[in-house]
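Here's the structure, in structure tokens; my notes come after.
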Amino acid sequence: MSVHLHWFLPTGGDGRTLVDRHAYTDGGIRRDRITPVSGVRAPDIDYLTQIAKAAEQLGFEAVLTPTGTWCEDAWLTTMALTQATERLKFLVAFRPGVISPVLAAQMAATYQRVSRGRLLLNVVTGGDSTEQKRFGDFLDHDRRYARTDEFLQVVRGVWGGAPFDFRGAHYQVEGGLTALPPDPLPPIFFGGSSAAAGPVAARNVDVYLTWGEPPEQVKRKIDWIGGLAERENRTVRFGIRLHTLSRDSAREAWATAGRLLDDLDPETVAAAQQALGKSESVGQQRMLALHGGSRDKLEISPNLWAGVGLVRGGAGTALVGSHAEVADRIEEYHALGIEHFVLSGYPHLEEAYWFGEGVRPELAARGLLATVPAPPDGGPAANGRPASAPGGAPLLLGGGR
């Protein structure tokens with residue numbers, strides 16, 4: 001089982017601090033409405049293209065694009081970026097409650113044809129009622145997961161190539177059809193830590209994603225979802241969502257983490273913790289519990305730093321250390337059964353290079369990455385180097401192509 005490495009597209013804004021996204025009053029669309037925070041970068045298509053091209057060049061298999069009212073639309077943004085890249089895949093996050101499942105199935109099929117098979121789907125059920133209501137969704141937490149269960153059944157049903165009927169509590173479909181099903185079928189990623197989420201993952205998804213908890217907690221999640229899937233006669237693969245901060249030495253990496261922490265004044269942390277504490281997401285509450293809003297003891301496991309979660313929702317932990325130490329932690333999670341690593345860092349362009357040029361060769365040397373064979377004619381390899389050039393880190397084979 002090889003490691004699959006993915007990066008992140010900051011479609012809500014990027015920058016050199018952990019509070020960069022909050023500097024935007026309108027999601028980062030207009031440059032003239034930015035509050036005075038240094039180093040903030042608007043998520044325009046030129047900057048996102050830089051990140052996507054860097055990720056492709058550095059050997060990442062895909063990039064995750066978020067969903068929400070605070071960022072650009074993931075479908076449209078990534079479709080534009082397929083025209084600026086060649087191999088990179090796009091893990092498109094979307095909310096099943098705000099789109100018809102038959103339309104989503106059709107969109108995925110079109111995306112696969114236009115991109116030549118470079119779509120991955122990240123289903124975000126939603127753990128924040130305030131955010132859901134902005135989209136016109138007023139279901140409570142558990143009913144949102146019940147709806148996601150039906151949504152995914154319909155999507156897979158209409159991908160079958162024949163008229164599909166479905167009658168449930170949330171969807172009724174007669175003769176649902178995607179005339180040209182996607183080829184290949186895009187893998188479905190999904191996360192959720194609540195009791196309502198587990199059975200949905202077991203019945204429907206290809207990859208279950210967890211946020212970056214300490215290894216012993218991740219192992220319990222793997223056992224939980226794996227057991228539920230076994231009862232459904234299915235197999236689910238596993239992934240993890242983490243930030244990274246790797247440097248040539250551990251001292252340099254931790255010094256950088258310290259500078260990020262120094263940027264956070266107590267008022268900013270308190271306001272963020274108050275807002276995040278209102279989330280209905282069990283996963284978000286687990287993230288908050290890792291640090292309790294305190295700056296003390298933020299290294300909650302070797303090289304696992306919870307400082308990001310002081311001010312940011314979602315993934316709140318980072319792997320911090322030398323390139324070898326970060327590779328050690330990835331190898332440790334991989335030994336538990338984690339196959340997909342969805343990574344990010346601030347700023348996303350620079351940190352992609354730190355990881356791609358520092359950690360990725362370490363993983364390749366340990367035999368954890370699949371390699372791309374050299375072209376038979378001796379032309380350029382997939383990483384852009386001539387086939388005979390030394391020092392090229394092996395690249396991942398694109399799954400599903």
Side-chain angles (χ1 to χ4, degrees), residues 1-6 61 64 91 93 120-127 141-142 144-146 148-149 152-153 156 187-244 279-292 299-306 308-309 314-319 326-343 363 366-369 399:
M1 180 179 70
S2 299
V3 166
H4 296 263
L5 297 175
H6 313 289
E61 181 175 338
L64 170 64
L91 181 50
L120 313 173
L121 294 174
N122 182 33
V123 176
V124 180
T125 299
H141 177 278
D142 286 2
R144 289 198 294 267
Y145 278 102
T148 296
D149 196 355
L152 293 174
Q153 291 178 56
R156 291 197 183 277
I188 295 174
F189 289 63
F190 169 94
S193 298
S194 68
V200 180
R203 283 191 288 266
N204 299 287
V205 310
D206 300 300
V207 179
Y208 174 85
L209 281 176
T210 178
W211 284 328
E213 299 178 2
E216 62 274 11
Q217 295 182 28
V218 169
K219 178 62 165 61
R220 287 195 290 270
K221 274 191 175 180
I222 290 173
D223 291 343
W224 170 49
I225 297 296
L228 292 174
E230 187 175 357
R231 294 176 205 170
E232 300 286 341
N233 295 314
R234 296 187 72 248
T235 300
V236 175
R237 302 190 300 278
F238 296 94
I240 194 167
R241 176 78 180 90
L242 286 158
H243 305 284
T244 68
S279 173
E280 298 171 334
S281 166
V282 173
Q284 182 63 73
Q285 297 307 316
R286 290 168 69 104
M287 284 283 100
L288 294 177
L290 294 177
H291 53 69
E299 189 178 4
I300 56 175
S301 184
N303 304 107
L304 185 64
W305 184 63
V308 180
T317 54
L319 297 179
V326 171
D328 288 342
R329 300 287 76 79
I330 289 175
E331 189 169 12
E332 181 179 12
Y333 282 117
H334 180 255
L336 298 178
I338 296 293
E339 184 176 349
H340 293 266
F341 291 79
V342 184
L343 308 169
L363 297 172
R366 302 178 192 197
L368 293 176
L369 302 180

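In this structure, the side chain of Arg234 engages the main chain of Ala202 through a donor-acceptor pair within 3.5 Å. His334 places a side-chain N or O within 3.5 Å of a backbone atom of Met1 that can act as its donor or acceptor partner.
Remark: Arg329 pairs with Asn303, Glu332 by the side-chain hydrogen bond (donor to acceptor under 3.5 Å, both in side chains) rule, at least two apart or across chains. With sequence neighbours excluded, the residues forming a side-chain hydrogen bond (donor to acceptor under 3.5 Å, both in side chains) with Asp223 are Lys219, listed by chain and number. By the ring pair (Phe, Tyr, Trp, His ring centres under 6.0 Å) test, Phe189 is found to be paired with His340, residues two or more places apart in sequence or in another chain being considered. Residues passing the ring pair (Phe, Tyr, Trp, His ring centres under 6.0 Å) test with His243, sequence neighbours excluded: Tyr346.
Heavy atoms only, all atoms of each residue included: Gly198 and Leu228 are closest at C-CD1, 3.6 Å. Across every non-hydrogen atom of Asp206 and Pro187, the tightest pair is OD2-CA, 3.3 Å. In terms of heavy atoms, Val282 sits closest to Ser194 at CG2-CB, 3.6 Å. Smallest separation of non-hydrogen atoms from Ile300 and Thr317: CD1-CG2, 4.1 Å. Minimum interatomic distance between Ala196 and Asp142 (heavy atoms only, all atoms of both residues): CB-OD1, 3.6 Å. Closest approach of Tyr145 to Gly192, counting heavy atoms only: OH-CA, 3.8 Å.
By the neighbour-count criterion of 12 heavy atoms within 6.0 Å, atom CD of Glu299 is densely surrounded, having more than that number from other residues, nucleotides or ligands.
A 4.5 Å side-chain heavy-atom check between Arg366 and Asp328 finds at least one atom pair inside the cut-off. Inter-residue side-chain proximity for Leu5 and Val342 is flagged as unmet; no heavy-atom pair is nearer than 4.5 Å. Side chains of Tyr333 and Leu242 form a contact here, defined as non-hydrogen atoms less than 4.5 Å apart.
Residue pairs meeting the salt bridge (Lys or Arg N to Asp or Glu O under 4.0 Å) criterion with at least one member in residues 190-205, sequence neighbours excluded, are Asp149-Arg203, Arg203-Glu232. Within the structure, side chain to side chain donor-acceptor pair (under 3.5 Å) pairs that include any residue of residues 283-292 comprise Glu213-Arg286 (at least two apart or interchain).
With hydrogens and angles left out, the side-chain atoms of His141 and Glu280 include no donor and acceptor closer than 3.5 Å. Side chains of His6 and Glu61: a donor-acceptor N/O pair is absent below 3.5 angstrom, by distance only.
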Could you go step by step and tell me if Phe190 and Leu209 meet the side chain to side chain contact (heavy atoms under 4.5 Å, CB included) rule?
CA-CA 6 Å; Phe190 169 94; Leu209 281 176; over 6 Å; no
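With rounding to the nearest 0.5 angstrom, the CE atom of Met287 is 9.5 Å from the OG atom of Ser281.
Among Ile225, Thr210, Val218, Leu336, the one residue that satisfies the side chain to side chain contact (heavy atoms under 4.5 Å, CB included) test with Phe238 is Ile225.
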